[in-house]
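One structure below.
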Amino acid sequence: MTDREQTVVICGGTAGVGRATAHAFAQAGYRVAVIARGEQGLADTRSELQALGATVLAIAADVADAQAIDEAADRIEAELGPIEIWVNAAMATVFGPANTISAAEFKRVTEVTYLGFVHGTLAALRHMQARNRGTIVQVGSALAYRAIPLQSAYCAAKFAIRGFTDSLRCELIHANSRVRLTMVQLPAHNTPQFDWSRNKMQYRPQPVPPIHTPAVAARAIVRAATDAPRELWLGRASFQAIIGNMFMPGLLDRMMAKQAWSGQLTDEPVSNGQPDNLFQPVEGLHRIEGRFGDRTQNKALGLSAATVGKLAAAGLALAAVLVIVLVATIAG
């Protein structure tokens with residue numbers, strides 16, 4: 001089956017990383033289904049993808065609504081054909097200290113950023129398992145391993161996605177399923193997230209550098225959909241956060257307490273009445289790039305978690321050999 005005969009679904013595909021990923025798949029020749037809430041964002045994204053020559057289906061649905069996502073999957077199968085790739089990328093967040101975030105806000109972030117992934121995954125599985133093929137890509141973050149201040153709701157959801165994904169992967173292996181499940185752990189990207197997320201602080205938020213263009217993430221997601229590594233880690237900052245947290249979590253707690261608080265804030269005061277997209281879409285901000293274009297990088301190293309593990313093992317073995325040689329030299 002050629003790419004042009006394959007259908008990819010992208011939840012959260014009208015802005016930021018999701019929209020860049022829709023572009024990447026369209027350029028590769030896939031039929032593209034985009035699921036999101038905002039009608040204007042859907043219309044604009046559909047026009048862009050059609051201009052790239054893609055067959056496109058844009059569906060208005062909230063990923064927090066399991067029934068709506070099931071119905072969207074049925075419609076995609078009927079109108080575009082069998083779903084071969086499903087990308088979960090939708091997110092919502094509240095930026096601020098945990099004790100300033102209400103129970104309703106925590107619930108909503110969880111429903112979108114975690115349960116939205118569950119709903120999408122189960123909808124995809126319902127069709128993929130019947131054919132015993134397909135790939136589900138979870139768009140994760142280095143924050144799925146290393147939490148930081150002011151992002152408790154988002155970090156908790158990303159941790160939950162990783163736990164859900166690992167559990168489901170074991171079940172698929174147990175069933176000898178050929179459905180593939182992969183997770184991409186991303187660093188910071190220049191997306192509209194920092195313009196429309198609910199913010200409890202007095203100043204506007206920013207991503208922690210280094211900041212990458214959404215196209216960097218999109219290329220990694222397409223690669224994950226093709227190769228299906230267990231996990232794909234993208235960018236130096238992700239490697240440092242994930243590996244560092246494995247060996248010195250307490251030290252990172254203290255470092256994050258000092259550096260990640262002020263490091264996530266600009267000196268721009270928050271505008272009164274600034275809209276956010278927590279409970280409803282914000283029209284006019286559905287775009288790929290955020291406001292940090294002058295500080296972005298257009299490339300990043302991406303390695304599978306398995307490759308990182310092998311490199312780490314090789315490094316430890318080399319260190320052991322050097323110690324043995326050093327001891328032997330001293331003894332001699």
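Only heavy atoms go into these numbers, but all of them, side chains included; no hydrogens, no water, no symmetry mates.
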Rounded at 0.5 Å granularity, tell me how far CD1 in Ile242 sits from CD in Gln240.
11.0 Å

Once rounded to the nearest 0.5 Å, what's the spacing between atom CG of Leu57 and atom CZ of Arg31?
11.0 Å

Six-ring centre of Tyr145, Arg162 cation under 6.0 angstrom, axis tolerance 45°:
yes

Ignoring hydrogens and geometry beyond distance, is a side-chain donor-acceptor pair present between Glu48 and His23 at under 3.5 Å?
yes

Under 3.5 Å donor-acceptor, Arg169 side chain and Arg230 backbone:
yes

Which atom names give the shortest non-hydrogen contact between Ile69 and Ala61, and what distance separates them?
CD1-CB, 4.2 Å

Pro97 side chain reached by Leu150 side chain, heavy atoms, under 4.5 Å
yes

Would you mind telling me which of Thr14, Asp44, Asp195, Thr191 makes a side chain to side chain donor-acceptor pair (under 3.5 Å) with Arg287?
Asp195

Hey, quick one: are Leu122 and Tyr114 part of the same hydrophobic cluster, counting side-chain heavy atoms closer than 4.5 Å, chains of contacts allowed?
yes

In short, Arg131 meets Pro82 closest at the heavy-atom pair CZ-CB, 3.6 Å

Using a distance-only test with no angle check, is there a side-chain donor-acceptor pair under 3.5 angstrom linking His127 and Asp74?
yes

Verify salt bridge (charged side-chain N to carboxylate O under 4.0 Å, His left out) between Asp253 and Arg146, making sure each step is shown before the conclusion.
CA-CA 9 Å; Asp253 288 343; Arg146 175 62 249 178; 2.7 Å; yes

Just so I know, are the side chains of Thr93 and Gln193 near enough to count as touching, which here means a heavy-atom distance under 4.5 Å?
yes

Checking Thr165 against Glu231: is there a side-chain donor and acceptor pair closer than 3.5 Å?
no

Steps toward salt bridge (charged side-chain N to carboxylate O under 4.0 Å, His left out) verdict (Asp65, Arg37):
CA-CA 11 Å; Asp65 185 339; Arg37 293 176 299 168; over 6 Å; no

Leu181 reachable from Phe159 in the ILVMFWY side-chain graph, under 4.5 Å edges:
no

Under the salt bridge (charged side-chain N to carboxylate O under 4.0 Å, His left out) criterion, do Glu105 and Lys200 qualify, and how do the steps go?
CA-CA 11 Å; Glu105 290 168 335; Lys200 301 286 185 171; 3.0 Å; yes

So CD of Gln274 and CG of Asn199: to nearest 0.5 Å the spacing works out to 7.5 Å

Interatomic distance, CG@Asp227 vs CZ@Arg180, rounded to 0.5 Å, equals 7.5 Å

